[in-house]
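Only one structure is covered here, and it is reproduced in the block below.
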Amino acid sequence: MVNGSARSRGWTVRLDFSGGRLVTAWVEGVPQGTVRQFDGGFTYVSGVEVSPGGSVSLRFHLERASHTPRECTVDGVRCTGL
């Protein structure tokens, strides 16, 4: 995720997958956020703010899920580049 705003901010990612289950989700080298699972996906609420122009990589491990999410949003805005 890239913060294109002029201020530091937290973020929330929602990913929906066909089948499978979430094993873990994390951002390397920073305080961890909160993961909430639901049928077919999960939400990850950041544990740290990202500075203006900064970025973080959310990593996750799924079992038996499709390779591409059915839906992906960051703060309610559809993801691009998947």
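Nothing here was measured: the structure is a model prediction, and the numbers come from that model.
Across every non-hydrogen atom of Val48 and Trp11, the tightest pair is O-NE1, 3.8 Å. The two residues Leu62 and Leu22 make their nearest non-hydrogen contact at CD2-CA, 3.4 Å. Here the shortest heavy-atom pairing between Gly10 and Ser46 reads CA-OG, 3.4 Å.
Between Gln32 and Tyr44 the shortest side-chain heavy-atom distance falls below 4.5 Å. Side-chain contact between Cys72 and Leu15 is present, with at least one heavy-atom pair separated by less than 4.5 Å. Using a 4.5 Å cut-off on side-chain heavy atoms (C-beta onward), Asp16 and Phe38 make contact. In this structure, Pro52 and Ser5 have side chains that are not in contact, with every pair of non-hydrogen atoms separated by 4.5 Å or more.
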Before giving the answer on side-chain contact (heavy atoms from CB on, under 4.5 Å), spell out for Met1 and Val50 the whole-Å C-alpha distance, their side-chain angles and the decisive distance to 0.1 Å. CA-CA 9 Å; Met1 282 67 60; Val50 178; over 6 Å; no

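Counting heavy atoms of neighbouring residues, nucleotides and ligands inside a 6.0 Å radius, atom CZ of Arg36 does not exceed 12 of them.
Residues Val13 and Val35 share a hydrophobic cluster, clusters being chains of Ile/Leu/Val/Met/Phe/Trp/Tyr side chains in contact below 4.5 Å. In this structure, Trp26 is not a member of the same hydrophobic cluster as Val30, with clusters built from ILVMFWY side-chain heavy atoms closer than 4.5 Å.
A distance-only check finds no donor-acceptor pair linking the side chain of Asn3 to the backbone of Gly53 [under 3.5 Å].
For Ser55, the side-chain contact (heavy atoms from CB on, under 4.5 Å) partners two or more places apart in sequence, or in a different chain, are Val2.
To the nearest 0.5 Å, atoms CZ (Arg21) and CG (Asp39) are separated by 14.0 Å.
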